[in-house]
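For reference, the structure is listed below as structure tokens.
Residue indices begin at 1 and follow the sequence shown. Bear in mind the structure is a predicted one, so any value in this text is a computation, not a measurement. Just so you know, ligand 1 is whichever comes first in the structure, and atom 1 is the first atom listed for that ligand.
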Amino acid sequence: MNAPVLSSIAGRPAVSHAEMANAIRFLAIDAVEKAISGHPGMPMGMADVATVLFSRFLKFDPVDPAWPDRDRFVLSAGHGSMLLYALLYLTGYEGVTSDELRAFRQWGSKTPGHPEYGHTPGVETTTGPLGQGIATAVGMALAERLLNARFGNDFVDHFTYVIAGDGCLMEGLSHEAISLAGHLRLNRLIVLFDDNAISIDGATSLSCSDDQLARFKASGWSACRIDGHDPEAIAAAIEQARNSDRPSLIACRTVIGFGAPNRQGTEKAHGAPLGAEEVAKTRAALDWPHQPFAIPKSIMAQWREIGARGQAARRAWIERTRRLNSAGRSPFHDALNRKLPCGYADAFAQIRNRFGAERPNIATRQASQLVIDTIAEALPNLLGGSADLTHSNLTRASTHQPVRPDFLGGSYIHYGVREHAMAAAMNGIALHGGFIPYGGTFLTFADYSRPAIRLAALMRIRVIHVMTHDSIGLGEDGPTHQPVEHLASLRAIPNLLVFRPGDAVETAEAWDCALRAQASPSVLCLSRQALPAFREGEDIGNANLVASGAYVVIEPEGGRDVTLIATGSEVSIAIDAAKRLTKDGVRAAVVSAPCFDLFRQQSREYQADVLGSVPRVGIEAAIEGDWARWLGDAGEFVGMTGFGASAPAEVLYREFGITADAVATAALHCLARSRMAKAYASRFTREQ
Ligand SMILES: Cc1ncc(C[n+]2csc(CCOP(=O)(O)OP(=O)(O)O)c2C)c(N)n1
């Protein structure tokens, strides 16, 4: 059983494959036992596959977990996090110590319940929501091929490996993702499927009878099934997959909880500690007499040796990049270092100033198209795309060539009608590095992308979502296509920058903010309909006003009676309302608030200056959400209270009461209420 499959290192006894794999198994068992929570079954089942992958194939160097040309390893079945933590510890990632394994799932540890990107070295992406990992990996594998097409094998030449379980493959997202990967022939993507036929409720036959191999093959993949406990079969399948001309699925038949006599092969091994008695029996069954968390020296030394192997490849890669001539070096480094190249600032200033001078009366989606067109050349690593709405989202620059299976030199991805996979793949592209991904769909379909957007916010990565047709202003397509709750629900995601620019200048500035936000994803909510310009000429100066989240557009002379706050298409309604109020002798300030999140980050003083200490009216063609925060108790909100309807946009604005007249009336109500309140307060004070 313990036949040595790993070569003996000089002077040290050979260590068998089984011992190497059992080290992973028992670290997982012991950590879950100590935490009294976690998932031992998956690491125990996939330990053999992981051992073969890491010991014979994976190109990595724990000394530099972010080395750009490393292979990527994605644990899509994130609940099996102890598999990954055990591997990181055994191969020598700094900070992933035995103590950290003992602190599995505890406050402040490097070993949280599910792998978290940016928290633990060696974790390539945050996983846990099933299906996200495999779809994110598609983006990584795509980024690798696109960068390879630009810079060649000497600099970009690596694989993306994924471990995914039944759950990942049951999720609908997996289908979007494998379909896209198969279409683009991403042959550096290799999925190791933990084919144990068990999920939480019991046997997968309770809910699923898919022929996974047939499904993947039908999507343009190579697919095979092997015994996931046979190291030679695993190695042969990986070798074959590495030489395939398409992405590969290796269904690894495994036993969940392998080695636990009473739990293996059942759902009882999935997500609970084995318990002291069963752990003792597993130790006996697998011939592992060692104390909890103890790894015999020879086994540890062998694992560390595996961890040290990648150093040579990394050093050779560094050497090759040093020899790159300066013409080749700077685009490569610009692409990898995530900074905006120096030509970008000029390109941005050019389009912003042009908008300021020309005052175009255009939809903000059109303004966005002009921005993309202008900056694309200065940003060769801008990677555009749309989920089959290119002509509506206006996301493609005139210089962008579409990526095709036979042309990976392009800069624009037709993601097809796959919003969720697009969002997850963009996460993978951003995580991989080398590109700034943006992708378009209608704002109402943000719900289809939301789980991936949430992960981008959690991971603090720069991904830009261009979401057009941002309100009832889209008109005749009706309530299915008219977002009403989406702004509020997206604003509820922490660290997601939701922009709703109101004219062309604001659109350019929102793009600038999104591109500069290195640690936040952004959603640009853009109008279908044309909007009048309110930022113009000399007035626009050099400061990016959208960057402050909200700012004063009109400040009446002699002080304010009321503040009208609006976003996007409703800023011009607020400006009209202010003019009407002037006729009634009411001095109304107008504030544009294109990004609540950025406004929230301003100082209290700045916020107070912008909002003013007068009654406030908020205007947005959407439900109220958290507007009350800006409006206060005395404020009024003019917007939607339910779903929209199918009709021309002007009719909808009129019927739903989002008009300058309605805003002026709301302002007068607020003022009347506030005057009555003041009068009452002063009478009350006098009578005291
Ligand atoms: C989107 C999503 N839904 C539900 C869960 C909860 N969950 C975690 S693991 C799991 C079962 C997964 O089964 P499988 O992939 O076969 O894992 P195994 O039992 O083999 O470890 C479920 C439903 C989740 N993490 N993500």
Side-chain angles (χ1 to χ4, degrees), residues 24-25 28-29 31-32 35 37-50 74-86 105 112-117 123 125-137 162-178 191-210 212 215-216 225 227-229 249-260 263-274 419-421 423-424 427 447-456 458:
I24 299 173
R25 288 194 175 98
I29 291 171
V32 171
S37 105
H39 301 77
M42 184 273 189
M44 293 169 74
M46 284 299 275
D48 292 307
V49 173
V74 171
L75 186 68
S76 192
H79 57 281
S81 56
M82 264 314 302
L83 176 88
L84 180 52
Y85 300 148
R105 293 183 154 235
H114 294 83
E116 292 179 30
Y117 171 76
V123 171
T125 180
T126 296
T127 51
L130 298 173
Q132 290 295 333
I134 186 171
T136 303
V162 182
I163 287 184
D166 295 294
C168 290
L169 300 195
M170 282 190 214
E171 286 292 347
L173 170 60
S174 74
H175 195 71
E176 292 182 27
I178 68 169
V191 173
L192 300 151
F193 165 32
D194 180 15
D195 185 14
N196 61 20
I198 291 288
S199 64
I200 292 182
D201 280 2
T204 51
S205 58
L206 288 169
S207 58
C208 188
S209 42
D210 295 352
Q212 295 293 3
R215 177 164 85 108
F216 276 76
R225 175 166 279 120
D227 174 353
H229 299 297
L249 174 82
I250 304 172
C252 309
R253 252 296 134 82
T254 61
V255 177
I256 191 168
F258 180 90
R263 297 250 173 139
Q264 65 181 356
T266 74
E267 70 275 19
K268 292 196 188 80
H270 167 90
L274 298 179
E419 296 84 5
H420 199 173
N427 288 352
D447 291 338
Y448 278 52
S449 311
R450 187 179 175 93
I453 297 176
R454 180 176 189 271
L455 279 186
L458 177 60

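- Residue contact check for ligand 1: P129 places a non-hydrogen atom closer than 4.0 Å to it.
- Not one N or O of C168 is nearer than 3.5 Å to an N or O of ligand 1, by distance alone.
- In terms of polar-atom proximity, N196 is counted as a contact of ligand 1, with an N or O under 3.5 Å from an N or O of the ligand.
- Where the criterion is an N or O separation shorter than 3.5 Å, residue side chain and backbone included, G165 fails it with respect to ligand 1.
- Each of the following atoms of ligand 1 lies closer than 4.0 Å to a heavy atom of D166: 14 (P), 15 (O), 16 (O).
- Counting only heavy atoms from C-beta outward, the side chains of I178 and R215 approach each other to under 4.5 Å.
- Between the T126 side chain and the Y117 main chain, a donor and an acceptor come within less than 3.5 Å of each other.
- Counting only heavy atoms of the protein, atom 11 (C) of ligand 1 lies nearest to I200 CG1, 3.6 Å.
- Between R253 and D227, none of the side-chain N atoms (NZ, or NE/NH1/NH2) sits under 4.0 Å from a carboxylate O, so this pair counts as no salt bridge.
- With a 4.0 Å heavy-atom cut-off, ligand 1 is reached by the side chain of E171 but not by its N, CA, C or O.
- Neither the backbone nor the side chain of T204 has a heavy atom within less than 4.0 Å of ligand 1.
- By the 3.5 Å distance cut-off applied to N or O atoms, M42 is not counted among the residues near ligand 1.
- In terms of protein heavy-atom proximity, atom 16 (O) of ligand 1 is closest to I198 O, 2.7 Å.
- In this structure the side chain of E267 never reaches within 4.5 angstrom of the side chain of I256, judged on heavy atoms.
- Using a 4.5 Å cut-off on side-chain heavy atoms (C-beta onward), P115 and S81 make contact.
- For atom 13 (O) of ligand 1, the closest heavy atom belonging to the protein is S199 CB, 3.3 Å.
- Nearest to atom 19 (O) of ligand 1 among the protein's heavy atoms is H270 ND1, 2.7 Å.
- Ligand 1 lies within reach of G128, whose nearest heavy atom is under 4.0 Å from it.
- Within the model, atoms CZ of F193 and OG of S76 stand 11.5 Å from one another, a figure rounded to the nearest 0.5 Å.
- Interface atoms of ligand 1 facing I256, defined by a heavy-atom separation under 4.0 Å, are 18 (P), 19 (O), 20 (O), 21 (O).
- In terms of protein heavy-atom proximity, atom 15 (O) of ligand 1 is closest to G167 N, 2.7 Å.
- The aromatic rings of H114 and H39 lie tilted to each other, with the angle between the two planes from 30° to 60°.
- The shortest distance between side-chain heavy atoms of M170 and Q212 does not fall below 4.5 Å.
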- Query: Does the side-chain contact (heavy atoms from CB on, under 4.5 Å) test come out yes or no for D166 and N196, once each step is laid out?
  - Reply: CA-CA 8 Å; D166 295 294; N196 61 20; 2.9 Å; yes
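- Of all the heavy atoms of L130, the ones lying under 4.0 Å from any atom of ligand 1 are found in both the backbone and the side chain.
- Checking Q132, E267, H79 against atom 17 (O) of ligand 1, the nearest heavy atom belongs to H79.
- Taking both residues in full, the closest heavy atoms of I24 and A47 are given as CD1-O, 4.0 Å, listed atom of the first, atom of the second, then distance.
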